[in-house]
Amino acid sequence: MPELPEVETVVRGLAARVVGQQIVNVRFFSPRAALGQPDETAAALRGRRICRLRRLGKHILFDLDSGVLEVHLRMTGKLLWNGVTNPYTRAILELTGGALVFNDTRQFGYLTWRRGDPNLGPDALGIPEERFAEILRSRRGRIKPLLLNQSVISGLGNIYVDESLFRARIHPLAFSSKLSEERLRRLHRMIQEVLAEAIAAGGSSISDYVDAEGRPGWFQVGHRVYGRDGEPCVTCGRGIRRTVVGQRGTHFCGYCQRR
DNA sequence: ATTACTACCTGACAGC
DNA sequence: TGCTGTCAGGTAGTAA
């Protein structure tokens, strides 16, 4: 579900509510929600103070007075401030002044304690243009799978890759190492643009995503290709096509994004 | 290093 | 009303 703009929205909404608070207790209702042993995770978190909240790629990181609480929402995870529990509630973090409810229907998400940050490529939001171009120039693969690979660049997912490639007029199967400097710069610019617009709109809500207060985003109305197969391209009027690239549904305009 | 395939889990939706 | 197959915003493991 959530990609960089959605995670950023959750983090911004949550920061003012949780920073400075202490974790009183952590309860797991599904053992899968803790990456390791639920008891050990709970024990490591209990009594810790939240010093800061930040985002790295699609990961939510709570800096604690000792170590880091990491939350990954994966496909259907929701982290709700004083949220209502339901049959899909997988964990509850009780803080001194409220509770964080972790609901996740598909159970791919998790909540864990770690000593330091996860190993990820540079964050897509704010990566310097030169660094971005250098990374993609040095890789052999196709552009879409590379942008989705979190150890190459972190934060982009299926929606924002398709939207960025459309705006940059680049075919998803193009080999990144063969893209001209100009096209790489344009891609970098379009990624920053689409992420900024999506964050301003509170993210995209297709079916599940809501922020920490339970509110959906509205950037889905600004999607130009994602989920628009068969509909006319906003630029040329020809039909948006859907194919599969790297085992992911891929939406693009066959005319505007020629190989 | 890159690509394909399978798996994790649940629900929605289309077609018969 | 089923039942079956496909799809979903993510990622890890394995094999070629």
Side-chain angles (χ1 to χ4, degrees), chain A residues 1-11 28-36 55-60 70-79 86-91 102-112 118-121 124 135-166 172-178 191 194-195 197-199 201-211 215-230 242-251:
Chain A
M1 163 193 36
E3 307 178 29
L4 187 154
E6 291 75 32
V7 177
E8 178 70 19
T9 302
V10 169
V11 165
F28 286 100
F29 303 97
S30 166
R32 313 182 51 88
L35 269 194
R55 177 191 61 72
L56 206 56
K58 304 173 193 172
H59 302 240
I60 302 171
E70 178 194 13
V71 178
H72 200 308
L73 304 173
R74 289 284 178 93
M75 291 289 266
T76 54
K78 301 174 176 63
L79 195 56
N86 64 29
Y88 306 109
T89 299
R90 309 304 181 187
F102 180 60
N103 293 343
D104 184 14
T105 50
R106 290 178 72 180
Q107 304 196 77
F108 291 161
Y110 60 85
L111 181 163
T112 195
N119 232 4
L120 294 169
I135 289 170
L136 292 181
R137 261 198 312 263
S138 67
R139 290 291 191 134
R140 296 288 95 181
R142 316 254 183 188
I143 190 66
K144 170 155 179 171
L146 282 172
L147 293 175
L148 285 174
N149 184 338
Q150 303 298 297
S151 58
V152 175
I153 305 253
S154 62
L156 297 177
N158 210 29
I159 293 179
Y160 298 104
V161 165
D162 281 3
E163 292 297 319
S164 301
L165 289 173
F166 172 76
L173 285 174
F175 287 99
S176 78
S177 60
K178 292 174 71 178
I191 288 172
V194 85
L195 292 177
E197 287 178 21
I199 291 168
S204 301
S205 292
I206 304 296
S207 62
D208 294 286
Y209 169 71
V210 291
D211 70 11
R215 293 171 307 218
W218 61 88
F219 191 68
Q220 62 280 4
V221 306
H223 293 174
R224 299 182 189 174
V225 286
Y226 187 85
R228 293 193 66 243
D229 35 315
R242 182 187 181 282
T243 58
V244 174
V245 174
Q247 295 80 242
R248 309 298 304 278
T250 296
H251 315 76

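In what follows, every chain begins at residue 1, and chains take the letters A, B, ... in the order their sequences are listed.
- Between the CZ atom of A:R106 and the P atom of B:dC8 there is a distance of 13 Å, given to the nearest Å.
- Atom name P, nucleotides B:dC5 and C:dT6: the rounded distance is 15 Å, in whole Å.
- The aromatic ring of A:F108 is not stacked on the base of B:dC9, since the criterion of ring centres less than 5.5 Å apart with planes inclined by under 30° is not met.
- Contacts between residues 136-148 of chain A and DNA chain B, defined by a heavy-atom separation below 4.0 Å, involve A:R139, A:R140, A:G141, A:R142, listed by number.
- Listed by chain and residue number, A:S204 satisfy the side chain to side chain donor-acceptor pair (under 3.5 Å) test with A:H223 (two or more places apart in sequence, or in another chain).
- Side-chain N/O atoms of A:Q247 include none lying less than 4.0 angstrom from OP1 or OP2 on B:dT3.
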Write down the protein N/O and nucleotide N/O pairs, taken from nucleotides 13-16 of chain C, whose separation is under 3.5 Å; answer none if there are no such pairs.
none

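- Residues meeting the side chain to side chain donor-acceptor pair (under 3.5 Å) test with A:S154, sequence neighbours left out: none.
- When heavy atoms are screened at a 4.0 angstrom cut-off, A:Y160 is found touching no nucleic acid atom at all.
- Between the base of C:dG9 and the side chain of A:S207 there is a donor-acceptor pair shorter than 3.5 Å.
- Annotation: salt bridge (Lys or Arg N to Asp or Glu O under 4.0 Å) contacts involving residues 147-165 of chain A, sequence neighbours excluded, comprise A:K144-A:D162.
- Residues that satisfy the side chain to side chain contact (heavy atoms under 4.5 Å, CB included) test with A:Q247, not counting sequence neighbours, are absent from this structure.
- Partners of A:N149 under the side chain to side chain donor-acceptor pair (under 3.5 Å) rule, at least two apart in sequence or in another chain, are A:S151.
- Not counting sequence neighbours, A:D104 has no partner by the salt bridge (Lys or Arg N to Asp or Glu O under 4.0 Å) test.
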Inset, instruction - Determine which bases of DNA chain C form Watson-Crick or G-U wobble pairs with both distances under 3.5 Å, and write the result as a 5' to 3' dot-bracket string with | for other-strand partners. - result: .|||||||.|||||||
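- Distances shorter than 4.0 Å separate none of the side-chain N or O atoms of A:R74 from OP1 or OP2 on C:dG9.
- Partners of A:R137 by salt bridge (Lys or Arg N to Asp or Glu O under 4.0 Å), not counting sequence neighbours, listed by chain and number: A:E130, A:E181.
- Using a 4.0 Å heavy-atom cutoff across all strands shown, A:Q150 reaches sugar-phosphate atoms only and no base atom.
- The line from CZ of A:R248 to CG of A:N158 is 4.0 Å long, rounded to the nearest 0.5 Å.
- For A:R228, the salt bridge (Lys or Arg N to Asp or Glu O under 4.0 Å) partners at least two apart in sequence or on another chain are A:E231.
- For A:T243, there are no side chain to side chain donor-acceptor pair (under 3.5 Å) partners, not counting sequence neighbours.
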Inset, instruction - Take A:R55 and A:L4 through the test side-chain contact (heavy atoms from CB on, under 4.5 Å) and record every step on the way to the result. - result: CA-CA 8 Å; A:R55 177 191 61 72; A:L4 187 154; 3.3 Å; yes
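- Between A:H72 and C:dT11, a side-chain N or O to OP1/OP2 separation shorter than 4.0 Å is present.
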